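Report on the structure given below.
Just so we're clear, the structure is a prediction, and the values are computed from it rather than from any experiment. One-based numbering along the sequence shown.
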Amino acid sequence: MRIRSVVVLLGFLGILSPPPHALSQDGERLAPERPTPDVVRPPAQYQRAVERGTRSITGEPGPAYWQQWTDYTVTTRLDVERKHLEGSARVVYHNRSPRRLTSVFVQLLQNLHAPGVIRNRPAEVTGGVTLNRVAVGEQDLEPKSSGRGAGYRVQGTIMRIRLPERLASGDSVVLHIDWSFTVPSTGVGRMGWNSDNLFHIAYWYPQMAVYDDVGGWQLDPYLGNAEFYAGFGSYDVTVDVPEGWLVMGTGTLQDRGSVLHPDVHRRLELAEASDTVINVVPDVHRRLELAEASYTVINVVGENDVSAGRVTTTSADGRLQWRFVADSVRDFAFSATRDSRWDATRTPVGDRDGDGQPDFARVGAIWRSNAPLWARSAEYSQHAIDFLSRYTGVPYPWPHMTAVEGDGIIGGGMEFPMMTLIGSYNTRGDSALYYVTAHEEAHMWLPMLVGVDEKRYAWMEEG
């Protein structure tokens, strides 16, 4: 009955063409009519952007195109016992638009977990974000519900900062924000913690909302069941965690010999250095044939390293600082684990610099023993990044791609720049694990390189 009703409705609307056996008045068989696409009409906002010269009808940037930019310097401390995170950010927001701005807007996405906040799916209530300081330059601001003058106001997941002075075109403003929040055990299936041995931290810092040439400020709240829209910038992030916890984040780990145990550091260099290494430490390498080369997967961290406490270095206060630097990315996420294996290798990504020689990126997997299918996850990333670089014709641009096993936090997968969080897939098989790995890593091109507005046009990058 349901299918028949749909057919009747489509026929009534003129959407279905005549059946192949339809006859004309003279009894001749009629060829079925083919549907004719309507004229594609871009949204009015986009048409106005074309008129202003910032966009074009072909989709290419117009001669007057501009894009905002943000430099983030963030330090954060993760209390693994209390499941609590506190951070301090220095945010330099560059106004490349032709307009003067009286206010800027910041996303506080962890406020999805604040009491009374509007959301479109159930979420754990942890209290949301506590703001300890909001400042413009050296001027501390106070919360203001209305009125004129400098101050800030938080509504759901959006904070408006009214500036002491207008931000001129071509100028920048420095924001200082100190904050903290309790980490939810599962942040609507995209971040959280599990079994006291794994944290995946995403949507965790004050992130500038997008201001673009088409729609201005993008202030749709984060409701839980939605994708994201983020601007590009640079990140310098220091993560403070207890020793013994392995941290992986967006970007390049700086001074890694100061945090990685010497044996782990040596194996990581081995994984990055050559695709022809053989006769390494027994049982710590595997081989996989891809394209015309042979690649070695190194077990950088194994179960023996974890049990013997040989994953990281030590310190006087029992804590270590992991610093990651990334440029031209739209977000930052990190994981911290004290009971995971780490497999790593490298894979060709195409010719990045035009010298006619293939370039390489490190790929790897961080996984726990309760997810045995992950034993080949590094090989899946090796194949996916190689294939996608060749298939798209756009070389993978970043230094690493790491898949993190997140059983208990996530069921499917979620993408972040240079990282993805994926469930164990124990009950779904190795093919399903490969499929989701390739899917999430394809997101490194869309939306991580082509920064589409996922909130409003999710089909453009999920498809």
Side-chain angles (χ1 to χ4, degrees), residues 67 69-74 200-202 205 207 228 230-239 246-256 260 268-269 271-273 275 290 295 297-298 300 322-335 342-355 357-366 377-404 413-422 437-452 454 461:
Q67 189 179 112
W69 184 268
T70 308
D71 296 311
Y72 296 91
T73 303
V74 182
H200 190 82
I201 306 298
Y205 61 95
Q207 184 181 39
F228 302 89
F232 288 89
S234 68
Y235 289 80
D236 188 332
V237 179
T238 299
V239 180
L246 173 67
V247 179
M248 181 59 64
T250 298
T252 301
L253 176 61
Q254 308 295 297
D255 194 17
R256 58 195 193 183
L260 294 175
L268 179 60
E269 291 182 327
E272 296 173 331
D275 56 7
L290 293 178
Y295 305 90
V297 177
I298 304 296
V300 178
W322 301 65
R323 181 183 172 214
F324 297 88
V325 173
D327 186 43
S328 300
V329 295
R330 51 171 254 164
D331 200 1
F332 187 101
F334 70 92
S335 67
W342 181 15
D343 296 334
T345 182
R346 70 173 185 166
T347 195
V349 296
D351 185 2
R352 288 172 175 160
D353 51 15
D355 64 355
Q357 299 298 318
D359 294 299
F360 291 82
R362 188 185 79 230
V363 293
I366 294 175
S377 177
E379 299 173 23
Y380 299 160
S381 291
Q382 193 178 55
H383 181 271
I385 293 299
D386 171 29
F387 172 81
L388 289 164
S389 295
R390 288 185 283 111
Y391 182 78
T392 64
V394 179
Y396 182 76
W398 294 310
H400 77 89
M401 178 65 221
T402 303
V404 178
M414 186 63 197
E415 73 276 4
F416 313 90
M418 304 180 219
M419 299 184 71
T420 179
L421 179 70
I422 300 174
T437 301
H439 171 95
E440 301 304 339
E441 294 180 357
H443 281 303
M444 297 305 109
W445 282 260
L446 273 158
M448 300 306 168
L449 285 178
V450 182
V452 299
E454 301 174 83
E461 52 90 37

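- Judged by distance alone, with hydrogens and angles left aside, the side-chain atoms of Arg256 form no donor-acceptor pair with the main-chain N or O of Trp322 at under 3.5 Å.
- For the pair Arg330 and Gly451, the tightest heavy-atom approach, listed with the atom from each and the gap, is NH1-CA, 4.2 Å.
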For Val300 and Asp343: C-alpha separation, side-chain torsions, deciding distance, then whether side-chain contact (heavy atoms from CB on, under 4.5 Å) applies. CA-CA 5 Å; Val300 178; Asp343 296 334; over 6 Å; no

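- With hydrogens and angles ignored, the 3.5 Å screen pairs a side-chain donor or acceptor of Thr250 with a backbone N or O of Ala333.
- Between Ser234 and Asp71, the closest heavy-atom pair is OG-OD1, 2.5 Å.
- Between the side chain of Glu454 and the backbone N or O of Val452, no donor-acceptor pair lies under 3.5 Å.
- A heavy-atom distance below 4.5 Å is found between the side chains of Leu260 and Leu246.
- Judged purely by atom type and a 3.5 angstrom limit, Thr73 has no side-chain atom pairing as donor or acceptor with the backbone of Asp236.
- Using a 4.5 Å cut-off on side-chain heavy atoms (C-beta onward), Trp445 and Pro397 make no contact.
- Under the 4.5 Å side-chain criterion, counting only non-hydrogen atoms from C-beta, Glu415 is in contact with Pro447.
- Looking at heavy atoms from C-beta onward, Met419 lies in side-chain contact with His200 at the 4.5 angstrom threshold.
- When all heavy atoms are compared, the tightest approach of Ala378 to Ala365 is N-CB, 3.8 Å.
- Scanning for side chain to side chain donor-acceptor pair (under 3.5 Å) contacts around Trp398 gives an empty result, with sequence neighbours left out.
- With hydrogens and angles ignored, the 3.5 Å screen pairs no side-chain donor or acceptor of His400 with any backbone N or O of Ala361.
- Counting only heavy atoms from C-beta outward, the side chains of Met418 and Val329 approach each other to under 4.5 Å.
- In this pair, Tyr235 and Tyr72 present their aromatic rings parallel. The plane angle is below 30°, not in the 30 to 60° band.
- For the residue pair Ala230 and Gln207, the shortest heavy atom distance occurs at CB-NE2, 3.7 Å.
- Residues Phe232 and Leu449 come closest through the heavy atom pair CZ-O, 3.7 Å.
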Could you go through Asp331 and Tyr205, starting from their C-alpha distance and side-chain angles, then the distance that decides it, and tell me whether this counts as side-chain contact (heavy atoms from CB on, under 4.5 Å)? CA-CA 10 Å; Asp331 200 1; Tyr205 61 95; 2.7 Å; yes

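- Side chains of Thr420 and Glu441: no donor on one and acceptor on the other come within 3.5 Å.
- In terms of heavy-atom proximity, Glu461 sits nearest to His443 at OE1-CE1, 2.8 Å.
- A distance-only check finds no donor-acceptor pair linking the side chain of Asp386 to the backbone of Arg390 [under 3.5 Å].
- The main-chain N or O of Ala271 is never found under 3.5 Å from a side-chain atom of Thr345 such that the two would form a donor-acceptor pair.
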Between Gln254 and Thr252, is the side-chain contact (heavy atoms from CB on, under 4.5 Å) condition met? List the steps. CA-CA 6 Å; Gln254 308 295 297; Thr252 301; 3.7 Å; yes

